[in-house]
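Here's the structure we're looking at; comments come further down.
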Protein chains: 2
Amino acid sequence: MVEKQLKDRIIETALTLFEKYGYHGVTVDRIVAECGASKGGFYHNFKSKDELLYHIHDVFITYVLNKAQEAYVKYKTPTKRLCAIIRSFVRVFHIYKPHITVFNQEAAYLKPEYAEKINEKREQYKQIIFQVLREGIEAKQFRTEVPVEIAGLSIIGMVNWMYKWYKPDGPMSIEQIATAFNDLILHSLLTEEAKRDEDISSFLLSHVGDE
Amino acid sequence: MVEKQLKDRIIETALTLFEKYGYHGVTVDRIVAECGASKGGFYHNFKSKDELLYHIHDVFITYVLNKAQEAYVKYKTPTKRLCAIIRSFVRVFHIYKPHITVFNQEAAYLKPEYAEKINEKREQYKQIIFQVLREGIEAKQFRTEVPVEIAGLSIIGMVNWMYKWYKPDGPMSIEQIATAFNDLILHSLLTEEAKRDEDISSFLLSHVGDE
DNA sequence: GCGTACAGACCAACTAGTCGGTTTGCTATC
DNA sequence: GATAGCAAACCGACTAGTTGGTCTGTACGC
């Protein structure tokens with residue numbers, strides 16, 4: 001086990017500072033001072049401050065997109081898939097809260113060439129959610145009246161908004177929060193028949209998606 | 001009717017620019033150039049660029065807080081109150097989308113003395129939502145299992161997230177969006193008995209809150 | 001003639017990025 | 001296993017451009 005590389009130290013320090021002061025509230029000098037590095041060390045590892053911002057965005061979106069794809073493949077019914085995706089989404093906040101804060105706050109400042117790459121993955125993520133919702137309606141598990149786009153964006157919004165309030169040492173564990181979200185979302189989507197179906201409604205307050 | 005005052009022109013121009021490029025992506029010089037004013041004119045109306053940012057925050061949060069309080073007073077049952085508050089919240093996006101974008105993106109950059117004032121109102125807004133949810137559970141209209149804080153923050157999150165996707169000229173009208181939100185939210189909150197209650201469930205796909 | 005509203009040249013501070021130089025670690029060679 | 005050679009990693013003083021904010025001056029209403 002080697003000691004932590006400079007690049008990682010820079011990212012970690014930058015993340016902590018960005019989360020607290022925002023991307024524009026932190027200078028490169030401050031980052032390198034805080035982690036005992038130098039201007040040269042920084043620009044040896046990153047082409048620019050913008051590239052660091054991109055890197056942070058990419059780590060998070062790549063991770064969460066993979067998790068969603070895994071969950072989609074692992075489960076076969078719309079309800080299970082949705083619950084598993086949401087749970088994986090919520091869980092990311094436990095590990096990547098600073099990344100997500102930066103992701104949600106500073107995306108507007110990504111340079112076009114970087115923004116394009118990120119938006120592509122962001123779009124993919126959205127489409128997975130939409131897809132599962134459509135499948136759920138098709139399979140008569142979700143109500144037909146549910147507008148797929150609004151519902152999908154609501155789910156993404158309510159989970160993403162966690163970056164404004166989630167504290168890792170808060171009164172509720174990340175698993176409890178995920179369960180609460182799933183319960184709320186399923187209640188808003190499931191048909192009455194689906195709720196009566198033991199196999200489907202059993203996931204209402206359970207931990208679908210636990211590994 | 002006098003011609004539009006410089007202060008308003010500055011705010012309007014700044015809003016358009018901030019929404020597109022972010023607070024830090026727009027210089028004071030750019031703002032005054034774009035609206036045919038001067039540095040002197042700007043600093044005659046605002047103490048600093050930060051004060052302009054505060055002003056934008058304050059206009060929005062004050063407006064939306066008032067609307068929520070009005071809705072609370074106007075209706076007497078938890079379900080009606082919640083629907084009316086949500087509808088008023090959604091409607092704001094039609095008028096104040098640029099304000100809200102700035103509000104949600106740049107709050108981190110407010111100077112402490114300004115941030116404190118804004119956070120106070122933000123907190124009040126949250127408490128109104130929590131209060132209505134508690135009343136709804138108390139009155140057996142909402143399910144007892146619903147965790148007030150999570151549900152409240154989810155509602156705030158899903159509506160606020162609109163700033164990322166809402167387009168005034170999109171396929172759905174603002175009223176349709178509000179109705180869709182209310183439908184989703186009520187389904188996730190209402191008890192089975194409340195859903196069967198004609199007087200309560202009638203608001204599921206109706207326009208409670210229309211003036 | 002006096003205060004309010006605005007103009008625009010000017011300044012001082014800050015900050016991303018550069019560049020010549022030094023250290024570190026690895027490898028080939030004897 | 002000592003050493004020479006070399007490239008990648010890293011350092012930090014310096015720079016050029018940018019930007020929020022100031023200051024003196026002017027026009028105008030009362």
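In what follows, chains are A, B, ... by sequence order, proteins preceding strands, each numbered from 1.
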Rounded interatomic separation in angstrom, taking [atom1] from [X] and [atom2] from [N]:
X: B/Ile31; N: D/dG21; atom1: CD1; atom2: P; value: 11 Å
X: B/Glu51; N: D/dG21; atom1: CD; atom2: C1'; value: 14 Å
X: B/Ile10; N: D/dG20; atom1: CD1; atom2: P; value: 14 Å

Legend entry - Closest contact, heavy atoms only, A/Gly136 versus A/Pro78: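 Reported closest heavy-atom pair: CA-CB, 3.4 Å.
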Legend entry - Main-chain N/O of B/Cys83 paired to B/Asn182 side chain as donor or acceptor, under 3.5 Å: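 Yes; at least one donor-acceptor contact below 3.5 Å.
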Inset, instruction - Only counting residues at least two apart or in another chain, list the ones meeting side-chain contact (heavy atoms from CB on, under 4.5 Å) with B/Thr27. - result: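 Expected list: B/Asp29, B/Arg30.
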Check residues 102-110 of chain A and write down every donor-acceptor pair under 3.5 Å in which the side-chain atom is one partner and the other belongs to a residue at least two apart or another chain.
residue	atom	partner	partner atom	Å
A/Asn104	ND2	A/Ile100	O	3.4
A/Glu106	OE1	B/Tyr109	OH	3.4
A/Glu106	OE2	A/Tyr23	N	3.0
A/Glu106	OE2	B/Tyr109	OH	3.2
A/Tyr109	OH	B/Tyr23	N	3.0
A/Tyr109	OH	B/His24	N	3.0
A/Tyr109	OH	B/Glu106	OE1	3.4
A/Tyr109	OH	B/Glu106	OE2	3.2

Inset, instruction - Go along nucleotides 3-16 of chain C 5' to 3' and tag each nucleotide: B for a protein heavy atom under 4.0 Å from its base, S when only backbone or sugar atoms are that close, - otherwise. - result: --BBBBB-----SB
Legend entry - Residues B/Thr79 and B/Gln141: side-chain donor-acceptor under 3.5 angstrom: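 A pair is found: one side chain offers a donor N or O, the other an acceptor, under 3.5 Å apart.
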